[in-house]
Amino acid sequence: MKTLYIISNYFTPEIGAASSRIQNLAKSLSQSNYKVSVICPLPNYPNGKIATDYKGKIYHKKIDENNISIYRLWIYPSNSENKIKRILSMLSFSFSLALFLFLKIFRGPDIIIVNSPPLFVSFTGVLFSKFILRSKTILNVSDLWPQSAVELGVLKNEGVFYNLLTSIEKFIYRNSVAIIGQSDEILSHIKHFVVRPIFLYKNLPQDLSENFVLDKTMENNKKRIVYAGLLGYAQGILEICKNVNFEAYGFEFHIYGRGMQEEGIKQYIKYNSKSIYFHGEFEKKEAHSILTKYDAALVPLSTHIKGAFPSKIYELIQLEVPILFSGEGDGAELIKEENIGLSSIPGDWTSVNTMLKYFSRMTKDEVDVWKTNQRKLQKNKFNYHKQFESLEIFLNQFN
């Protein structure tokens with residue numbers, strides 16, 4: 001049996017797309033022909049605080065019900081807006097990871113899948129994987145950094161720090177034997193730097209539709225729109241609250257989640273309700289039952305981020321929940337080509353409001369067409385098990 005490490009900055013019980021993706025991948029590989037270990041920080045995301053069950057620990061090991069060895073390492077947790085604190089948080093896990101991998105020098109795995117970003121963590125993983133452990137390094141890229149940071153306005157595309165990050169980006173591409181990417185845009189970007197075997201790995205959920213009642217009747221009065229997920233700058237939920245009058249379109253807007261914009265959202269709702277409701281944090285296991293209660297789900301990006309494909313789109317397809325996407329790139333193209341929802345230009349409030357106004361006038365029969373198309377995608381293009389079978393074939397060339 002081949003041994004395989006997965007290095008990830010995010011893992012269950014943390015919420016978010018990255019955590020779900022790595023959990024599903026680890027579980028499937030473990031059920032296949034691999035002995036899997038996951039190396040991750042002590043749970044701290046997105047709150048920036050170590051989860052209660054892990055407080056006071058600097059190291060924790062557990063073998064879960066899927067026979068996956070989970071190594072949780074010390075991290076200085078932070079979700080602060082202070083850039084220095086955020087960098088220290090990433091560096092702290094990089095330090096713990098380096099020490100952990102160094103101690104494995106005489107018994108490294110056959111393959112190490114290194115997830116990126118954060119770049120400092122992926123740099124440490126690739127460096128030790130290739131040059132210390134001599135394992136075959138496969139890089140799994142979910143977002144393009146530092147480009148995404150520039151597009152979000154948190155970093156300028158000049159200066160010493162930017163140049164350092166671009167150097168790290170090139171290093172991790174060039175020192176991996178293969179690349180897995182979450183979107184076609186990501187893989188196209190990487191092709192400009194290296195020629196490597198590539199695999200498009202969509203963050204597909206596993207057969208959610210088998211466990212939920214999906215047929216819902218849209219209300220004749222107020223339609224209810226939901227957002228459930230991280231409340232960060234990349235999603236821009238606070239700006240949506242400020243720039244969309246949901247009440248004017250006959251909508252209620254329900255928000256679930258936690259993140260850096262949480263307090264701002266609560267304060268805005270307190271003084272400017274406009275049919276917006278904040279429900280707070282939710283358990284990961286509750287997410288799917290929450291989403292299926294609503295007439296549509298909003299999937300927003302605050303700006304166009306090259307390569308970004310919100311995993312929530314795949315989840316909503318499985319649950320047959322109509323999609324209202326504020327974004328561009330691969331996500332907008334998919335929604336248009338497959339006719340499974342509406343899209344608008346992120347940050348363009350005229351475009352966003354036009355999308356919502358159009359949806360407010362749609363009939364149940366028109367929305368049911370979207371659901372029918374989502375059902376077709378579940379069985380073919382977006383079938384988790386078919387994709388994993390293809391991934392196994394891809395990985396076998398490195399055994």
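Keep in mind it's a predicted model, so treat the numbers as computed, not measured. Every heavy atom of this structure was used, including side-chain atoms; hydrogens, water molecules and symmetry mates were not.
At least one side-chain heavy atom of Y162 sits less than 4.5 Å from a side-chain heavy atom of V150. For the pair V121/I7, a side-chain contact is recorded, criterion being any heavy-atom separation below 4.5 Å from C-beta on. For the pair I6 and L29, the minimum side-chain heavy-atom distance is below 4.5 Å. Considering only heavy atoms from C-beta on, L127 stays 4.5 Å or farther from I132 through its side chain. Looking only at side-chain heavy atoms (C-beta outward), L231 and F278 come within less than 4.5 Å of each other.
Around the CZ atom of F171, the shell of radius 6.0 Å holds more than 12 heavy atoms that belong to other residues, nucleotides or ligands. Atom NZ of K104 has more than 12 neighbouring heavy atoms from other residues, nucleotides or ligands inside a 6.0 Å radius. At most 12 heavy atoms of other shown residues, nucleotides or ligands fall within 6.0 angstrom of atom CD1 in I58. Atom OH of Y277 is surrounded by more than 12 heavy atoms from other residues, nucleotides or ligands within 6.0 Å.
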Could you walk me through whether N66 and S30 pass the side chain to side chain donor-acceptor pair (under 3.5 Å) check?
CA-CA 7 Å; N66 298 302; S30 181; over 6 Å; no

- request: Would you please test I225 and L356 for side-chain contact (heavy atoms from CB on, under 4.5 Å) and show each step?
  value: CA-CA 10 Å; I225 297 174; L356 292 169; 3.9 Å; yes

I'd like to know whether K381 forms a side-chain contact (heavy atoms from CB on, under 4.5 Å) with E338, so could you lay out the CA-CA distance, the side-chain angles of the two residues, the decisive distance to 0.1 Å, and finally the verdict. CA-CA 11 Å; K381 289 184 180 180; E338 303 294 346; 2.6 Å; yes

Start with the C-alpha distance between S326 and V299, add both sets of side-chain angles, then the distance that settles side-chain contact (heavy atoms from CB on, under 4.5 Å), and finish with yes or no.
CA-CA 6 Å; S326 178; V299 182; over 6 Å; no

- Task: Take F253 and V226 through the side-chain contact (heavy atoms from CB on, under 4.5 Å) test and state the conclusion after the steps.
- Result: CA-CA 6 Å; F253 183 38; V226 63; over 6 Å; no

Output, in order, the C-alpha distance, side-chain angles, deciding distance and verdict of side chain to side chain donor-acceptor pair (under 3.5 Å) for Q261 and E239.
CA-CA 10 Å; Q261 289 195 337; E239 288 69 31; 3.1 Å; yes

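Distance alone, capped at 3.5 Å, is enough to place a donor-acceptor pair between the S360 side chain and the K357 backbone. Side-chain atoms of N67 never come within 3.5 Å of backbone atoms of I63 as a donor-acceptor pair (strictly under, hydrogens ignored). Under the 3.5 Å distance criterion, the side-chain polar atoms of D330 are matched with a main-chain donor or acceptor of D184. In this structure, the side chain of S135 does not engage the main chain of G108 through any donor-acceptor pair within 3.5 Å.
Between T137 and S129, the side chains place a donor N or O and an acceptor N or O closer than 3.5 Å (distance only, hydrogens not considered).
Hydrophobic clustering, with ILVMFWY side chains joined whenever heavy atoms are under 4.5 angstrom apart, keeps Y233 apart from L144. F309 is not connected to Y10 by any chain of hydrophobic side-chain contacts under 4.5 Å among Ile, Leu, Val, Met, Phe, Trp and Tyr, and they are in different clusters.
For the pair E333 and K336, the salt-bridge criterion is not met [side-chain N within less than 4.0 Å of a carboxylate O]. The pair R375-E320 meets the salt-bridge criterion, with a side-chain N (NZ, NE, NH1 or NH2) lying under 4.0 Å from an Asp/Glu carboxylate O. Taking the charged nitrogens against the carboxylate oxygens, K386 and E389 have no contact shorter than 4.0 Å, which rules out a salt bridge. Contact check on E281 versus R258 returns a salt bridge, with a Lys/Arg side-chain nitrogen under 4.0 Å from an Asp/Glu carboxylate oxygen.
Using cut-offs of 30° and 60° for the angle between ring planes, the Y249 and F251 rings count as tilted. Ring geometry for Y71 against Y59 counts as tilted: the plane angle lies between 30° and 60°, on a 0 to 90° scale. Ring geometry for Y314 against F382 counts as perpendicular: the plane angle is over 60°, on a 0 to 90° scale with 30° as the lower cut. Between F161 and F120, the ring planes lie tilted relative to each other; the angle falls in the 30° to 60° range. Using bins of under 30°, 30° to 60° and over 60° for the plane-to-plane angle, the ring pair F394/F398 lands in the perpendicular bin.
From R21, atom CZ reaches atom CG of L204 across 11.0 Å, with rounding to the nearest 0.5 Å. Rounding to the nearest 0.5 Å places CG of L139 at 10.0 Å from CD of E169. Note that CG of L97 is 11.0 Å distant from OG of S8, once rounded to the nearest 0.5 Å. Here the straight-line distance linking atom OG of S78 with atom NZ of K85 works out to 6.5 Å at 0.5 Å rounding. For the atom pair NZ (K170) and CG (L165), the distance works out to 12.0 Å, reported to the nearest 0.5 Å. Atoms NE2 and OG, from H189 and S183 in turn, are 10.5 Å apart once rounded to the nearest 0.5 Å.
Nearest approach of F93 to P41, heavy atoms of both residues: CE1-N, 3.5 Å. Minimum heavy-atom separation, A332 to F325: N-CE2, 3.4 Å. Between R196 and I179, the shortest heavy-atom distance links the atoms CB-CG1, 4.1 Å. Of all non-hydrogen atoms in I340 and W370, the two that sit nearest each other are C-CG, 3.7 Å. Between N44 and E14, the closest heavy-atom pair is N-OE2, 2.8 Å.
Taking the six-membered ring for Trp, Y227 and H254 have ring centres at least 6.0 Å apart.
Of the residues listed (I240, V244, N243), the one engaging V352 in a side chain to side chain contact (heavy atoms under 4.5 Å, CB included) is V244, and it is the only one.
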